[in-house]
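For the numbers below, each heavy atom of this structure counts, side chains included, while hydrogens, waters and symmetry mates do not. All values reported here derive from a predicted model rather than from experimental measurement.
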Amino acid sequence: MADSLLLFKRGPSRSTWLRARKARPHLILSYRPRRRLGRLRWRGRRRFRRRLLQAQAAGADWREGCCLVSRSAAPRRPKTAAPSPRPAEDPAPSCSALLPIPPVRSAGSGRAVLLLPLGQGFTFSGICRVTCLYGQVQVFGFTISQGQPAQNVFSTYTHSRLTINAVHYSVHEKSKKEMKREARSLLRSYLNQDDRYCLMKNFSPLCSILLLERLKTSTVNFIISHPGLSYIFVQEIPTFQINSEYFALKSVGIRRERKKNGLRLTESAFSVMDELVSVSCEEADGCPVILVCGSQDIGKSTFVRYLINQLLNSISCIDYLECDLGQTEFTPPGCISLLNVTEPVLVPHQGSNLGPLQWKRGVLTTGPPGPPFTHQRTPQKMVYYGKPSCKNNFENYIEIIKYVFSSYKRESPLIVNTMGWVADQGLLLLIDLIRLLSPSHVVQFSSDRGRYMPDLSPSYVDDMDGLYTKSTSKVRNRGFHLAEFADNLEFADEEKENPVLFTGYKLMSVKSEFVSGKTPRNRESHNKVLRELAVLSYLGQLQPPVPKPLCPLHGLTPYQVPFNAVALRIIHADVAPTHILYAVNASWVGLCKILDDVRGHAHGPILLAQTPICDCLGFGICRGIDMEKRLYHILTPVPPEELRNVNCLLVGTISIPQCVLKSQRGLEGTIPYITTDYNFKLPGASEKIGAREIEETRKEKVHPKPKFYRKTN
């Protein structure tokens, strides 16, 4: 024994392997692999040792090239299954002896078949189309059953990874042999005989089988066509487990991720959601108004998305009122909107290891929800506020919410998402919203790491003055009173006599454990990137459907709008009339409809003295102004039948992403609207007035005639 130890210590390679063997004594190499280890350099030895340890931890044999095998072949290790984050039902007792890693088999080019035992999950990154061939699974709270249509799932690197969990489902007195025969018949259309045999070896009762398909959309292709944004959906991170599963998932466009990178919600959040789902499904209280509040980066939007998916499992639609200007859910930023949601929201909460202008590699920490850029939808009613924050203009913010909320018909549950500003005037504004909207349930998020926020109990709100409303115990003349709110609200006919106001609400507290990588110094830059992604996603609607190639924005034909057909208004600043067209040119504009008739003016442009509260039908880019013919050139995805109702253009601080101006394909020579010689003294151009970012390259506010614009007929 002593001689063998002395021989083992000869040479650096054997001492290196000795340290690895002490760490994992049950992982043994033969003579030939030890010689291979000795020929490697120290970096190669580290990589080789790490690969061996990962293979051993995954229950694999290194001699099989890291191919996954059953842990039943390793009797020394306990047979345990990875628990689901929150299984819908108690797992069956037999699940403890199943594979901890679900088997994956390739089903041809761009397709793979995944078998998930009950109680296990599959955490991944990337985008794909998920079809449940057998059984039942749950993704971000939404249940996908056998026979349902395929769902597009986005597990991007800007958010925590999604996890597909196999859940319990009812079986009508079938034996294991009958279930296995049924599953095998379903797989004949997707797998060959050998792959079916390997997959069915791991089949067990109540397991689920999924078909994962490669997903390509014109919006995704448009986003990743810009430099620095290709890592949002797919990242080539080095891996040591190169096997058949890796190539099968890579052909789909996804990769397996660690479970710790997936979505995690607290038990308090799940208990609150269960109660809200139960209340919403009852006939007596079928239309609750649920207001979600809390500080920034704490998990409000994640909770809202998960709650929407949970409710859609039981009811057909949910109304959603967006009051967060900077982190909108379904629209471009700067909007207050009311939507009727009928489809699931399969995007988890936001990560926060992102650079301001470029997406970087690396593992992202779990963070709070951000504005999703994968599910832009047309709202039922929308008003363009024009800024990502309501500071310095609270009264207009309240009036817009009152205007949008008047369209709520109380036919389905309403979920209200609020801002994360809960300090000082933000807290008083939140109290005004609670009194205005009269919710039946208030879900308040709190965290040990977040800003302190008092419990918004009904008694606390009743005793506190808001910015524009007063408490019942104090008398203070501050602006307009609450009675003015109630007078202007429009209810259904049966509710006009007895409107539901101030009937009290139930406060529900959620303890958040989200860990955000954001700091007060980089929070705004992260939010700005996500706002730009939402704008890019909206512009992606201009692209032709797949498989047609992408068309650059400068190659699309814009609409011609006469000066005297629309009115203009700069929302965020007072701009001299002689400089209005400079501010509108090459800007992000809201296409709105006002009640006043703007026609009749001979020449134009028509300027509004005040910002109107009006419906916004969509957005576009003013890509050019023809001063000779007095025409605006507007590029927008809004259909022509709705554009006929547009008679007002609103310009705010929401700007066109810099990558659109600087990185479009097909540009030659001087790029229009980009210059290093910019006059910041122009009214509306200063950062102090217009809140426009000061960078090395800027939009040129004089009116050149762009060479790349295609003249419209």
Side-chain angles (χ1 to χ4, degrees), residues 217-219 222 317 319-322 328-343 373-386 400 403-409 490 534-545 551 553 556-569 571 584 586-601 604-606 608 611-625 631-652 654 656 660 712-713:
T217 65
S218 57
T219 299
F222 177 72
C317 62
D319 287 331
Y320 177 84
L321 178 61
E322 182 62 81
T328 51
E329 185 72 30
F330 299 103
T331 64
C335 298
I336 297 174
S337 59
L338 177 68
L339 297 95
N340 190 264
V341 183
T342 58
E343 297 179 356
F373 46 89
T374 58
H375 49 254
Q376 298 286 302
R377 300 178 183 178
T378 303
Q380 178 182 346
K381 186 178 254 335
M382 176 174 62
V383 175
Y384 185 45
Y385 186 82
I400 292 177
Y403 174 75
V404 174
F405 181 65
S406 64
S407 299
Y408 175 52
K409 303 303 181 183
E490 297 179 4
V535 173
L536 287 176
S537 178
Y538 187 87
L539 293 176
Q541 301 177 27
L542 290 165
Q543 299 299 322
C551 183
L553 296 183
L556 300 174
T557 303
Y559 292 97
Q560 291 181 338
V561 182
F563 278 8
N564 59 358
V566 293
L568 297 179
R569 175 64 182 173
I571 299 175
V584 174
S587 293
W588 180 259
V589 295
L591 310 178
C592 304
K593 175 185 177 182
I594 59 177
L595 298 179
D596 299 335
D597 188 7
V598 299
R599 298 179 182 179
H601 297 269
I606 305 170
L608 297 178
T611 302
I613 298 178
C614 56
D615 293 344
C616 181
L617 305 182
F619 296 92
I621 296 177
C622 182
R623 51 171 283 179
I625 299 177
L631 296 173
Y632 304 109
H633 291 177
I634 305 296
L635 193 64
T636 177
V638 178
E641 55 272 14
E642 295 186 16
L643 287 177
R644 296 188 181 97
N645 300 322
V646 174
N647 58 1
C648 178
L649 302 181
L650 298 181
V651 180
I654 308 301
I656 303 173
V660 173
T712 55
N713 298 324

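Proximity of Y384 to P332: side-chain heavy atoms (C-beta onward) are nowhere separated by under 4.5 Å. Between P558 and I634 there is no side-chain heavy-atom pair separated by less than 4.5 Å. For the pair L617/C592, no side-chain contact is recorded, criterion being any heavy-atom separation below 4.5 Å from C-beta on. Side-chain atoms of I654 and Y385, non-hydrogen and from C-beta on, never get closer than 4.5 Å to each other. Within the 4.5 Å cutoff, the side chain of V383 has heavy atoms near those of the Y403 side chain. Within the 4.5 Å cutoff, the side chain of R569 has no heavy atoms near those of the V584 side chain.
The structure places CD1 of I336 at 11.5 Å from CE of M382, a figure rounded to the nearest 0.5 Å. Rounding to the nearest 0.5 Å gives a distance of 5.5 Å between CD1 of I571 and OG1 of T611. Here CG of D596 is found 8.5 Å from CG of N647. Values are rounded to the nearest 0.5 Å. Distance CG/L539 to CG/L556: 10.0 Å, rounded to 0.5 Å. Here SG of C648 is found 7.5 Å from CG of L568. Values are rounded to the nearest 0.5 Å. Rounding to the nearest 0.5 angstrom, the gap separating the CG atom in L595 from the CD1 atom in I613 is 11.5 Å.
In terms of heavy-atom proximity, P544 sits nearest to S218 at O-CB, 3.3 Å. Among all heavy-atom pairs drawn from P612 and I594, the shortest one is CG-CG2, 3.8 Å. In terms of heavy atoms, T331 sits closest to S337 at CG2-OG, 3.9 Å. Shortest non-hydrogen contact noted between Q380 and S407 is NE2-O, 3.7 Å. Residues W588 and I656 come closest through the heavy atom pair N-CG1, 3.9 Å. The heavy-atom pair separating G334 from T328 by the smallest distance is N-CG2, 4.2 Å.
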Just list the side-chain donor-acceptor pairs under 3.5 Å for residues 635-646, sequence neighbours left out, or say none.
residue : atom : partner : partner atom : Å
T636    : OG1  : F619    : O            : 2.6
T636    : OG1  : V638    : N            : 3.2

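Under the 3.5 Å distance criterion, the side-chain polar atoms of R377 are left unmatched by any main-chain donor or acceptor of F330. Q543 places no side-chain N or O within donor-acceptor distance of the main-chain N or O of T219, the cut-off being under 3.5 Å.
Counting non-hydrogen atoms of neighbouring residues, nucleotides and ligands closer than 6.0 angstrom, the NZ atom of K593 reaches no more than 12 such neighbours.
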Worked verdict on V535 versus V660 for side chain to side chain contact (heavy atoms under 4.5 Å, CB included): CA-CA 10 Å; V535 173; V660 173; over 6 Å; no
Audit row: V561, L649, side chain to side chain contact (heavy atoms under 4.5 Å, CB included) steps and yes/no: CA-CA 11 Å; V561 182; L649 302 181; 5.7 Å; no
Working for side chain to side chain contact (heavy atoms under 4.5 Å, CB included), residues L321 and Y408: CA-CA 9 Å; L321 178 61; Y408 175 52; over 6 Å; no
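A search for side-chain hydrogen bond (donor to acceptor under 3.5 Å, both in side chains) contacts involving Y320 returns E322, N417, not counting sequence neighbours.
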